[in-house]
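Here is the structure we will look at.
Labels below follow one simple rule: chain letters A, B, ... track the order of the sequence lines, proteins then strands, and each chain is numbered from 1. Keep in mind that what you see is a predicted model, and the values were worked out from it rather than measured.
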Amino acid sequence: MPIVQLPDGKELTYKNSVTGLEIAKDISISLSKKALALQIDGEYKDLDTEIVKDSKIKIITLEDEYALELLRHDAAHVCAMAVQELFPGTQVTIGPVIENGFYYDFAREEPFTDNDLIKIEKKMIEIVDRNDKTTREVWDRKKAINHFKNMGEHYKAEIIDSIPGNEDISIYFHGSWHDLCRGPHLPSIGRIGKSFKLMKVAGAYWRGDSNNIMLQRIYGTCWKTKKDLDEYLHNLEEAEKRDHRKLGKTMDLFHFQEESPGAVFWHQKGWALFQTLVDFMRQKQLEAGYQEVNTPEIIDRVLWEKSGHWEKFQEYMYTTSTPDERTFAIKPMNCPGHCQIYNQGLKSYKDLPLKLSEFGKVHRYEPSGSLHGLMRVRSFTQDDAHIFCTEDQITEESVKVTKLILDIYKAFGFENITLKYADRPAKRVGDDSVWDQSEKALLEAIKASKVDYTINKGEGAFYGPKIEFVLRDAIGRDWQCGTLQVDLNLPGRLDATYVDKDGKKKTPVMLHRALFGSLERFTGILIEHYAGKLPLWLSPVQVAILPINDEHHDYAKEILNQLEKISIRPMIDLRNEKINYKIREHSVGKIPILMICGSKEVQNKTITLRRLGQEAQQTESLEKIISSLSKESQAPKI
RNA sequence: GCCCCCUUAGCUCAUUUGGUAGAGCAAUUGAUUUGUAAUCAAUAGGUGAUCUGUUCGAAUCAGAUAGGGGGCACCA
């Protein structure tokens, strides 16, 4: 006699076991038509799941957020069905739901072409129209493995083999097609509707391991309505316009060229932006008690061997040998250098925490496939620092770093910053007891910072656990920017010591931290974040002075002069062009403020101001504008 | 590094099956002296990424190399 409780608290009593669909019918015919799945005691199940005992249930319809996941999961199945109908012999592997859609990985000798994608999409629509009913069966493990092996589905057989013994092997049927799957699924496949689209084909390693074979991954997007799909596609198009590589070119900020892959040629305007960021950080770090230093670009490999970098990263380091037959590495990191500075002279516990910072340009021979505009380069500038401290100081210093990073990010208006806590990786240096200690300390620090975070298992640095501060680019890709790492290994390896209260020499802890991380990457993120419309203080050209005709040139030059005196970055457009033309060109060029001067302005000693993205004009006295701009162009206070 | 795709004028892009390349913007020159998102005209601009092959003939077909794009893997 199961009693089922509905979300509104109402209870229904049944004599025998009952399915979700039957309950939905009892509530209302319209609900039964909309019903997609079932939530039983918080767990999502198929709509035809038999309920045998008292439980809290909820009928899932398109209105529930979870419906989107169901739709996308089913869409992945439909994609696999379509592929197998069109390309017999293709093996299926996995097809999970991801943000905005799904993907499915296939094993097939021949590559899928863009044309195939169109065919597959058409076939998917056919399958949706067929609207096969979905049924679920639980199979014996051995039977399932043999069954899929006999079908030639070796990857599926392998997956079943790796499912923990206490879990059911559930097989879902959509008509005659079937797949191993955890479920739940829609009652029939046609319920996914037609608001989906296959987006791209890509390679992906079987089980995410680069030692394995490469599969072909088909990415798709799927939505509840056509309107949602169109909106998603439209937003994607808009986001692509914000691509920093595109804006970098049109805004004349930087370029790349094939003679130096992954290295930035900064143009004057891009460099001005870069330098503004450096100035900003320098100021913030001085306020936070850091001492800025500078260390050599090229250091003997002996030091890198000592630090452990050589063993782990040798193939990703640029090296150079000199006529005296020494091998040097071009620094990929600043930490060993900072340790050398720390090691000069005896340090006392009273010196700690000692914070050394550097805008250090580092070089890493990153895999060619990983290069990506400014986001991933082979030569970049870190706003790096190392805090030498005692174990007791780890938490306090870490909390300070976390706050500093978050405050700085907020100054740029970043809303969704993701924090990830990454613990010990497989390949690492140091004893596990030391790792236990440093992981505990960092976890304590992140908890004390009272911020949300996720766990990134096994993704720490080789010398210690880390917190990653992750920002998103225009099209939703995540990039690690800031980082904080607790290191109980390198100071010992690099002979750093301090004299403690008891007169004994001890090894300090080193906190590695970067705020922006890579200045190059952060600049890229910023360009996309602002869609190129940089705030006044960051804009390489802050003001364009546009005289109406050549009678106004002298006055325009006078304005230029006055702006330069208060360290505004102005430009003047003396070309013989119409004012409309000049306004358009400098608006497209994303200059925040246009100053128009004609006869009226010359006569009254005023300026007419027009701001980027606005049509409104504002006429003020030259004096007043100068003083207000001087304030407005300051870096934000944090 | 791996899979797939791309590379044509300074920029954005055409040239449908092989018959030696076009447009818009930008540039240059001239005219125009202009009041809030493109004034008009003329001129110039290309070893079609690079190399090698197939062919009577290659931007177009094949191969290699380089760079780039989308993913995967990597990311001190």
Side-chain angles (χ1 to χ4, degrees), chain A residues 103 105 111-114 116-117 199-219 243 245-246 249-250 252 256-262 304 307-317 331-336 362 364-373 375-376 378 382 384 425 427-429 459-464 466 468 475 477 479-480 483 485 487 490 512 514 517-518 521 546-553 575-589 594 596-601 608-610 612-617:
Chain A
Y103 67 74
D105 284 352
F112 291 119
T113 63
D114 289 347
D116 293 339
L117 228 52
M199 303 296 283
K200 57 199 173 195
V201 209
Y205 295 108
W206 166 236
R207 299 210 140 152
D209 185 339
S210 58
N211 295 312
N212 291 342
I213 194 168
M214 182 154 274
L215 305 168
Q216 296 188 66
R217 175 171 296 178
I218 294 180
Y219 281 94
D243 191 314
R245 292 163 299 188
K246 197 171 262 187
K249 195 182 278 186
T250 55
D252 191 22
F256 290 91
Q257 67 186 55
E258 55 184 82
E259 287 82 354
S260 190
W304 304 106
S307 70
H309 288 91
W310 189 264
E311 200 198 332
K312 181 148 168 53
F313 291 113
Q314 188 182 350
E315 57 181 320
Y316 300 112
M317 282 160 84
K331 71 174 172 186
M333 283 295 314
N334 302 302
C335 28
V362 295
R364 300 176 182 178
Y365 184 72
E366 303 283 10
S368 58
S370 70
L371 299 181
H372 184 100
M375 305 299 196
R376 189 83 185 265
R378 284 181 173 158
Q382 289 184 318
D384 204 4
K427 203 172 172 187
R428 59 181 183 264
V429 295
E459 296 292 321
F462 75 89
Y463 47 70
K466 66 173 173 176
E468 299 172 17
I475 68 163
R477 285 181 286 221
W479 298 95
Q480 179 195 308
T483 182
Q485 300 155 9
D487 181 1
L490 290 194
H512 304 239
S518 145
R521 175 176 293 177
L546 316 178
I548 300 284
N549 69 42
D550 50 17
E551 285 171 23
H552 315 121
H553 283 190
R575 291 176 305 172
N576 173 14
E577 295 288 356
K578 284 190 161 176
I579 196 68
N580 278 340
Y581 182 88
K582 292 185 184 177
I583 286 170
R584 183 187 148 77
E585 193 167 281
H586 296 113
S587 297
V588 169
L594 305 183
I596 287 94
C597 49
S599 305
K600 275 184 279 177
E601 286 78 8
T608 299
L609 219 119
R610 177 185 167 129
L612 183 58
Q614 295 177 14
E615 281 178 39
Q617 300 172 41

Nearest-Å distance for atom pair CG/P, residues D105(A) and C72(B): 10 Å
Mind checking S307(A) for me? I need base, sugar-phosphate or nothing, with any heavy atom below 4.0 Å counting as a touch. nothing
Sequence-distant partners of R610(A), salt bridge (charged side-chain N to carboxylate O under 4.0 Å, His left out), two or more places apart: none
Expressed as a whole number of angstroms, how long is the span from R584(A):CZ to U36(B):P? 16 Å
Compare side-chain N and O positions of K200(A) against OP1 and OP2 of G71(B) and report whether any pair is under 4.0 Å apart. yes
Taking only the side-chain heavy atoms of N549(A) (C-beta and beyond), determine which of U36(B), U33(B), C2(B) contains the nearest atom. U33(B)
Sorted by chain and number, sequence neighbours left out, side-chain hydrogen bond (donor to acceptor under 3.5 Å, both in side chains) with Q257(A) holds for H255(A), E259(A)
G69(B) C1' sits how many Å from M199(A) CE, rounded? 15 Å
Side-chain N or O of H372(A) closer than 4.0 Å to phosphate OP1/OP2 of G70(B): yes
Round to the nearest Å and state the distance from I579(A) atom CD1 to U36(B) atom P. 9 Å
Nearest-Å distance, CD (E585(A)) to P (A37(B))? 15 Å
When rounded to the nearest Å, what value does the distance between P atoms of A76(B) and G67(B) take? 24 Å
With sequence neighbours left out, write down each residue that passes side chain to side chain contact (heavy atoms under 4.5 Å, CB included) with T113(A), or none if nothing qualifies. N115(A), D116(A)
Can you identify which nucleotide, out of U33(B), U36(B), G71(B), has its nearest atom closest to the R610(A) side chain? U36(B)
Checking T608(A) now: which residues fulfil side chain to side chain contact (heavy atoms under 4.5 Å, CB included) with it, not counting sequence neighbours? E601(A), Q617(A), T619(A)
H586(A) NE2 - A26(B) P separation (whole Å): 13 Å
Presence of donor-acceptor pair under 3.5 Å, side chain of E601(A) and base of G35(B): yes
Examine the base of U33(B) for any acceptor or donor lying under 3.5 Å from a partner atom in the side chain of D550(A), and report the outcome as yes or no. yes
What are the atom names and distances for every N/O pair under 3.5 Å that joins the protein to nucleotides 73-76 of chain B?
| unit_1 | atom_1 | unit_2 | atom_2 | d |
| --- | --- | --- | --- | --- |
| A73(B) | O2' | S210(A) | OG | 3.1 |
| C74(B) | O2 | R376(A) | NH2 | 2.8 |
| C74(B) | N3 | R376(A) | NH1 | 2.9 |
| C75(B) | O2 | R376(A) | NE | 3.4 |
| C75(B) | O2 | R376(A) | NH1 | 3.1 |
| C75(B) | O2 | R376(A) | NH2 | 3.3 |
| A76(B) | OP2 | K466(A) | NZ | 3.0 |
| A76(B) | O3' | Y463(A) | OH | 3.3 |
| A76(B) | O2' | Y463(A) | OH | 3.4 |

Go through G35(B), G71(B), A37(B) for me and flag the one nearest to the I583(A) side chain. A37(B)
Map every base of RNA chain B to its dot-bracket character, where paired means a Watson-Crick or G-U wobble contact with both distances under 3.5 Å and | marks a partner outside the strand. (((((((..((((.....[..)))).(((((.......))))).....(((((..]....))))))))))))....
Could you check which of C72(B), G35(B), A37(B) has an atom nearest any side-chain atom of A204(A)? C72(B)
Can you sort out the partners of A202(A) under side chain to side chain contact (heavy atoms under 4.5 Å, CB included), two or more places apart, ordered by chain and number? Y219(A)
For R245(A) and K578(A), find the nucleotide of RNA chain B closest to each by heavy atoms; which residue's nucleotide sits nearer the 5' end? K578(A)
Please list each protein N or O that sits under 3.5 Å from an N or O in nucleotides 41-45 of chain B, with the distance.
none

Please give, in whole Å, the distance from C3(B) P to R217(A) CZ? 16 Å
What is the distance, rounded to the nearest whole Å, between atom CG of L594(A) and atom P of U36(B)? 13 Å
If I pick the P atom on G18(B) and the same atom on A26(B), what distance separates them, to the nearest angstrom? 37 Å
What N/O pairs connect the protein and nucleotides 4-12 of chain B at under 3.5 Å? Give each pair on its own line.
| unit_1 | atom_1 | unit_2 | atom_2 | d |
| --- | --- | --- | --- | --- |
| U12(B) | OP1 | K249(A) | NZ | 3.4 |

Just the atom pairs and distances: protein N or O near nucleotides 64-66 of chain B's N or O, under 3.5 Å.
| unit_1 | atom_1 | unit_2 | atom_2 | d |
| --- | --- | --- | --- | --- |
| A66(B) | O2' | E258(A) | OE2 | 3.1 |

Which pairs, protein N/O on one side and nucleotides 23-25 of chain B N/O on the other, fall under 3.5 Å?
none

Mind checking what makes side chain to side chain contact (heavy atoms under 4.5 Å, CB included) contact with P425(A), not counting sequence neighbours? R428(A), W435(A)
